[in-house]
There are 2 protein chains.
Amino acid sequence: MPRAGLTTEALAIAGAELADEVGFEHVTVSALARRFGVSVPSLYSHLRGTEDLHTRIALLALEELADGAAEALAGRAGPDALAALGDTYRDYAREHPGRYAAARHPLDAETAAGSAGVRHAQLARAVLRGYDLAEPDQTHAVRLMGSTFHGFVSLELAGAFSHSEPDAQSSWARILDSLDHTLRSWA
Amino acid sequence: MPRAGLTTEALAIAGAELADEVGFEHVTVSALARRFGVSVPSLYSHLRGTEDLHTRIALLALEELADGAAEALAGRAGPDALAALGDTYRDYAREHPGRYAAARHPLDAETAAGSAGVRHAQLARAVLRGYDLAEPDQTHAVRLMGSTFHGFVSLELAGAFSHSEPDAQSSWARILDSLDHTLRSWA
DNA sequence: ACGATTTGCCTAATACCTTTAGGCAAATGC
DNA sequence: GCATTTGCCTAAAGGTATTAGGCAAATCGT
């Protein structure tokens with residue numbers, strides 16, 4: 001028989017696609033093997049197991065998200081940068097719900113330290129350059145931003161804003177605006 | 001043999017305890033049967049299956065959370081009420097991480113409509129009575145509050161603030177404060 | 001080009017979780 | 001005290017995860 005050409009990287013990418021189709025929690029070694037038309041144990045040459053697969057998808061999503069954020073922030077400052085960062089997360093979550101869920105997968109300390117999570121923190125601080133905040137307020141502000149973005153996006157993804165007026169977009173715009181005000185008048 | 005005295009309610013409660021011990025995603029019909037010292041199929045007289053179990057734990061957690069919030073809000077208004085509501089969520093999540101995760105379990109529209117989720121929305125609006133907001137701003141504000149609370153709590157639970165200074169508590173206080181300012185000067 | 005080595009994917013086997021079907025015995029009701 | 005209901009059981013089938021061990025395809029040295 002011809003070989004399928006599996007690699008760890010290809011499995012992580014296919015896993016990410018699968019996550020967007022069926023949800024991150026339903027990404028299984030079995031489903032991935034089916035997708036490649038190979039037997040389940042074949043994947044174990046490339047992956048240590050389910051947890052390893054999930055972690056690799058998480059790392060992939062974090063990278064994509066950080067790349068997108070970095071591009072969105074280039075040449076922007078202040079409220080523009082704030083909205084660009086928020087929109088990056090929100091749009092990514094809506095286009096790639098499974099990958100967004102993967103990005104929230106808990107990583108052990110060592111893995112997290114080597115992940116693109118670090119760049120996310122740097123990008124958040126880059127946005128705050130437009131707001132002139134000293135420590136420890138800068139850290140508080142990073143956490144506020146992260147909480148607001150992640151909170152809104154995950155509630156929206158869960159459908160919390162679906163069947164009610166006004167639409168989520170208008171709340172999002174209003175929230176970005178109030179976040180900008182908060183950061184400008186942090187004192 | 002004597003009977004174990006299983007009931008749907010008892011299973012949901014034990015499931016909630018199990019969730020806090022091992023994580024909501026690891027709550028399984030098998031583990032629950034072990035906990036009661038009965039065979040796995042015995043639970044199927046009381047539960048339709050795993051999804052049903054998860055849903056019942058979610059409903060239980062939503063009730064507890066709404067009860068706690070209602071009690072915390074009694075006799076409070078303005079910033080006090082805001083902080084009381086936020087603290088209710090945060091404290092519950094730290095004391096009962098599995099149940100908090102359960103409360104985030106997606107429910108179908110019908111189940112959600114009959115759940116304590118409805119009371120949560122009412123309680124959020126009750127807090128906003130202290131801030132004099134008309135629609136649609138009130139809805140935007142409910143969503144901002146929900147996003148901020150849920151975002152912070154879930155990031156904290158995931159350990160996002162663990163190994164860095166300053167501690168999560170000081171950021172939380174700062175965030176509640178800025179949320180209060182935002183709501184007071186919503187225009 | 002060809003044999004030796006590496007490597008990729010396979011089958012077999014074990015273990016656990018889920019769910020359905022059907023049975024016996026304990027509780028309940030007359 | 002007997003009949004009915006009901007609670008928990010065993011049996012069985014299907015899916016996922018993981019390990020062990022084998023064969024064949026790709027790769028490499030000569």
Side-chain angles (χ1 to χ4, degrees), chain A residues 1-60 97-99 101-102 105-108 111, chain B residues 1-60 97-99 101-102 105-108 111:
Chain A
M1 304 164 198
R3 297 191 174 179
L6 304 180
T7 66
T8 303
E9 189 61 17
L11 289 171
I13 292 169
E17 290 166 5
L18 187 57
D20 288 334
E21 292 166 20
V22 303
F24 182 60
E25 63 281 12
H26 296 119
V27 172
T28 118
V29 178
S30 295
L32 203 52
R34 268 193 297 278
R35 172 167 287 230
F36 278 91
V38 300
S39 74
V40 176
S42 297
L43 302 199
Y44 280 75
S45 321
H46 308 280
L47 299 170
R48 259 170 305 156
T50 303
E51 173 56 27
D52 187 35
L53 171 60
H54 286 164
T55 297
R56 286 177 193 281
I57 298 172
L59 293 173
L60 181 83
R99 294 181 206 211
H105 181 70
L107 304 175
D108 61 71
T111 308
Chain B
M1 305 166 198
R3 296 191 173 178
L6 304 180
T7 67
T8 303
E9 190 61 16
L11 289 170
I13 292 169
E17 290 165 5
L18 188 56
D20 288 333
E21 291 166 21
V22 303
F24 182 60
E25 64 280 10
H26 295 120
V27 172
T28 127
V29 178
S30 294
L32 203 52
R34 268 194 297 278
R35 170 167 288 229
F36 278 91
V38 301
S39 74
V40 177
S42 297
L43 302 198
Y44 279 76
S45 320
H46 307 279
L47 299 170
R48 260 171 303 157
T50 303
E51 173 57 27
D52 186 34
L53 171 60
H54 286 163
T55 297
R56 287 176 193 281
I57 298 171
L59 293 173
L60 181 84
R99 294 180 205 210
H105 181 70
L107 303 175
D108 61 71
T111 308

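Lettering of chains follows the sequences in order, A, B, ..., and the numbering in each one begins at 1. All values below were derived from every heavy atom in this structure, side-chain atoms included, with hydrogens, water molecules and symmetry-related copies excluded.
- At whole-Å resolution of the value, CG in A:Leu43 and P in C:dC10 are 9 Å apart.
- When the side-chain nitrogen and oxygen atoms of B:Ser42 are compared with OP1 and OP2 of D:dC9, one or more of them lie within a distance under 4.0 Å.
- Side-chain nitrogen and oxygen atoms of A:Thr28 include none within less than 4.0 Å of the OP1 or OP2 phosphate oxygen of D:dT16.
- Taking only side-chain nitrogens and oxygens, B:Thr50 never comes nearer than 4.0 Å to OP1 or OP2 of C:dC17.
- Note: NE2 (B:His26) to P (C:dT18) measures 12 Å, nearest angstrom.
- Nearest to the side-chain atoms of B:Ser30 among the listed nucleotides D:dT18, C:dC17, D:dC9 stands C:dC17.
- Spacing between atom CG of A:Leu6 and atom P of C:dC10 amounts to 8 Å, rounded to whole angstrom units.
- Map B:Gly5 and A:Arg34 each onto its nearest nucleotide of DNA chain D; the residue landing nearer the 5' end is B:Gly5.
- Within the structure, a side-chain polar atom (N or O) of B:His46 is placed less than 4.0 Å from OP1 or OP2 of D:dC8.
- With a 6.0 Å radius and a threshold of 12 heavy atoms from other residues, nucleotides or ligands, A:Arg35 has its CZ atom above the threshold.
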Checklist entry - Between A:Leu59 and A:Leu107, does a side chain to side chain contact (heavy atoms under 4.5 Å, CB included) hold up when you go through it step by step? => result CA-CA 9 Å; A:Leu59 293 173; A:Leu107 304 175; 4.0 Å; yes
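- You'll find the side chain of B:Arg56 stays beyond 4.5 Å of the side chain of B:His46, heavy atoms only.
- Nearest nucleotide to the B:Pro41 side chain, out of C:dA12, D:dA11, D:dC8: D:dA11.
- The residue A:Ser45 sits close to a base: some heavy atom pair falls under 4.0 Å.
- In this structure, of C:dC9, C:dT19, D:dT19, it is C:dT19 that holds the atom nearest to the side chain of B:Tyr44.
- The side chain of A:Arg48 contributes no N or O atom lying less than 4.0 Å from OP1 or OP2 of D:dA17.
- A tilted orientation is assigned to the rings of B:His54 and B:Phe24, their planes being inclined by 30° to 60°.
- With rounding to the nearest 0.5 angstrom, the CG atom of B:Leu18 is 8.5 Å from the CG atom of B:Leu53.
- Between A:Ser39 and C:dC9 there is no side-chain polar atom (N or O) within less than 4.0 angstrom of OP1 or OP2.
- In this structure, A:Leu32 places its CG atom 16 Å from C1' of D:dT18, rounding to the nearest Å.
- If you measure from atom CG of B:Asp52 to atom C1' of C:dT19, you get 13 Å, rounded to the nearest angstrom.
- One atom, CZ of B:Phe36, and another, P of D:dG7, lie 14 Å apart when rounded to the nearest Å.
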